[in-house]
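The structure under discussion appears below in the form of structure tokens.
Letters A, B, ... are given to chains in the order of the sequence lines, protein chains preceding strands, and every chain is numbered from 1. Side chains included, hydrogens not; waters and symmetry mates left out as well; all remaining heavy atoms used.
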Amino acid sequence: MVADWVAALVAAGAVPASMVPDASAGRTDATEVTGADVIEGDTLAVHPLDGAPLAPSAVTFLDGIQRWSVVGYDGVTPIVRAYVAAAARRRGARRQLETVDEAAEECAITAVRSLRPEVLAALQRAGPRVIDLDDVAPGQPGRALAAAQVKVDRMREAVEHAVAERIGARLGADEWLVIDGIISDSETLARHPRVVGVVKSHGAQYFSGAELERALTLPHRHRTSVFRPTTRHGQHPVYSWYVRLWPWEGNDLLYGLVRVEARADAATLGVAGPLGAWLHAERAPLSTPDARFDRLLYPIHLVEEYLKARAPRGQMPGRAARLPRTAS
Amino acid sequence: MTTPPIGRVVATELKPATPHQFHFWTATETSVGIGAIVRVDDGGKGTLKDNEGEGGRVVYGVVTDAFAYSDLATPLHDVVGAEGDPERASDAPTARQEIRLWTAAVLRQIPEEPLQPVPIGRVFVATDADVAQALRMDAYLGGAHPTGIPIGLYTSGGLESPVYVDADFLLGPEAAHLNISGISGLATKTSAVEFFLSSIFQHYPAHKGRIAAVCFNVKGPDLCFLDRAGPLGEEDRRRYERLGVSPEPFAKVRYYTPFKSDGVNLNTLRTHPDLVGDVEPLVWGLKEVLDYAEVLLNKDDIDAKADAFIDFLGDRVLGRDFDDGYGGRHRVESFADLDRLFRAIFDGLEAIGKGDMWRTHHIATIRKVRNRLSNISTRCKGLVTDDGAASDLPWGAFEDRSVTVVDLANVDPLGQDLVFARVVSKLREHLERRDLGVDAVVVFVDELNKYAPADGPDSYVKKMLLDISERGRYLGLVLFGAEQFRSQVHRRVVGNAGTQVFGRMDMDELATPGYQVLSPATKIKLATLPIGELMIRHPHFTQPIFVRFPRPAVLRGRDGVEQYPPGADLPFEDAIVRQMVRIDRKAKPNQVKDLVAGRDEEDVRRALAGVRRERPADAVAHFRKLLGSKVSADAPRERRSVPPLNPISEEPY
């Protein structure tokens, strides 16, 4: 059924295409400079992770994926097919993951008003949810694709939040939810006492000068003091701290460095150390062959693999060079 | 579908599904193992029955190999993750993603045409009905004349399904013979054959006629207690019940064994006083031996001249009044008679003093044949009698579902060869004439490594085994052979066995070319098979199947010897008494002893052989008659010296 609507569009006069944008595999963090208030102590300090790690009885890991590609053009208007999915997989006493919740959505993204009536009719008849790029003026497709990227990001966030909030609502007293990425964009998650976000990318800058250096040159098996990032538009307050999972010397400054987000609550200060130690323990098994194995927790890697395995095959990033397809 | 699937077929470019093989994965905890039978359902309408006319495809396969691996890219990553400490590796909070990937060989596809690759479908563990379908047992378990013979239980995943072989392919005429190989003591070859025979006797279809077995016991007490019940556990009884076989010892067993060299004590371990009465002596005379003289001659001996002379003896001399050409008349009935003839010939040739030929036969040939024949009467003294009286198997009177055990465990190898050759030849002759008493005979021979080796000289016994293997099925002469090393048995003997059974095998043996068709996993399973489990190949089964069989309901040899310790050899008179009482229960020991007292042992043996041959109503009276009147030996006369006529002179000259 998934591919049917693309065929229907082509039948209605759209020109088929198969262009997978480079950014279709995942969200990218915006690079920006923001601020933060150190909550634990007066200045950002370095703390060893030598205490006992947190040992929850069960942990649920959540991740999401997004895939999108241009499947056709009506004139110069690109028609994007997008697929987003999120899954939560719970780890219990058997140390194996079991999927406890998941959600997926496929939709078409295009500038509706730029489509010819027959193509639009075919799209509406075929059935996918259509997201309109109503704020994109007709013109070069690049702008439409940039807007489509934003729409896909929002779709993925929505799917992730939906799954995460369902899981958060039914977490047991000794259970935690670990989310791949930030939690500050969901009020429910940002306020949950046992939801933690693990951020692998470090586009946002919270410190400068000596504190920045202290944060980014954090030694292996250490964490920084807890700080509160300055809240941006649409974000909810959280506490955060850096944890170094692997020695960075000889690699890269950001090698093995993750940033943790948790509830903005005094209680978080008490668990920052044990939680950091727990996350440090989660670095094994290695999540190779993923190139981000130094920051990617293995259970999150498994969730991602699960989602990839269940994604529609046509939406996976192509491995082959983008040479023109030969005629058959 | 009532049971959930346990796996799913996967096919990749590197590991594609083919019409003969497929791969599937299961959960890490699964009941599937090497040898398990599975059913692949391509998602049609479900069961085979439902699929008829629905276009669905059902494939049955047997698991032949297994793989497990994780998502670990290289072993080094595990070392890095554990920081070089194996102890820490197990501390990882998440277990690595693992896969259990299985390879299965296709047993059957339904529909069978067009033959296609196995579909990507769900995999189920086989049910009883699936096992019957997968092994094509439906072809011979139903109908007006079912021919299924239970051979063991397929056990996997908590299932215990009876596995049947087709009597037409086990016992002829379509195919025949069974070969079983495995390590001594662990492969339970003898136990398996005992169970198979029991199952055959209980399930051999009536429309196929009457059947019997002849078992050659060539080592220890293995087959000496087939008529005695052995201990069975609850598990065994349950298996018997599941197989529909009654756990009982053989009802009709006859034991034959030669005498020891004393000519009166039986050469067997079944000599306990309670049992020895059932043992018949196996004694052959010159006539029986001469027909199979070829067995006694080695390759160098077998030449046209010796052969011609033996034929001459058989055709012109044996049992006839014969003139030796030097004035002597002979009637050769026994080895003793024959030796007299030979001596007369040699004396005659010597007397005339010219020529080395006697009736176109050279004296060297005559001497050679004489040596060989006298050799057998010396080396197999208890088997071969000088006096010509024979005690033989009941040719023409074999009973239906009877077992005849020929105990040769302690007999000279030459004698074993002779007995084997003659018994099998006689079986063949009678089966050809259809006058044996039964329509089919299973001949069980252990130690095929010895009797039909892959290399070494061609012996008469090997030729006979080849002959049975290749032509026996038309006659109803079925060979059940056992050996330790299948690779070292003549390949036509094992190759002609329609049903092949493997117990625990030696790894060196499994490394030989004959086992190349087996997967490494199947080989490992064979090398570690527990007692009571076997791998079976049968013409209806496209792949080997593992089955379990219950312990035979008969007393094992070792247990039998403990329960019925062999009796000590009896003094001559007592042994004669025992023989007479066995022939005629009314015979009084003292009466027999009185008759024997003071007699020449040879005369007594001859008389006993006569009684055994005649089987008169009054054995003692006949024994007395054959012994004849007692002639007391004259006391030697005193020799008186006779003085010389002339006294010896004292002169020195």
Checklist entry - With no hydrogens and no angle check, is any side-chain donor or acceptor of B:R88 less than 3.5 Å from a backbone partner on A:A284? => result no

Checklist entry - Step by step, would you call A:R95 with B:E98 a salt bridge (charged side-chain N to carboxylate O under 4.0 Å, His left out)? => result CA-CA 12 Å; A:R95 303 195 305 141; B:E98 281 182 39; over 6 Å; no

Item to check | Test item: A:H301 and B:D71 side chains (from C-beta on) under 4.5 Å apart, heavy atoms | outcome: yes

Checklist entry - Should we say atom CD of B:E112 is surrounded by more than 12 heavy atoms from elsewhere, each under 6.0 Å from it? => result yes

Item to check | Nearest-0.5 Å distance, OG1 of residue B:T94 to CZ of residue A:R94 | outcome: 13.0 Å

Checklist entry - Highest number of heavy-atom pairs under 4.5 Å with chain A: which of B:A92, B:G81, B:A73? => result B:A92

Next on the checklist: Taking side chain as everything from C-beta outward and backbone as N, CA, C, O, which of these in A:W246 sits under 4.5 Å from a heavy atom of chain B? Side chain, backbone, both or neither.
Outcome noted: side chain

Item to check | Heavy atoms from other residues, nucleotides or ligands near CD of B:E87 exceed 12 (cutoff 6.0 Å) | outcome: no

Checklist entry - Does any non-hydrogen side-chain atom of A:F293 lie less than 4.5 Å from one of B:V80? => result no

Checklist entry - How many angstroms lie between CG in A:L286 and NE2 in B:H77, if you round to the nearest 0.5 Å? => result 6.5 Å

Item to check | Value rounded to 0.5 Å, distance of CD in B:E29 from CD in A:Q96 | outcome: 7.0 Å

Next on the checklist: Within the supplied structure, the quantity of interest is the number of heavy atoms (other residues, nucleotides, ligands) at a distance under 6.0 Å from A:E98 CD; does it exceed 12?
Outcome noted: no

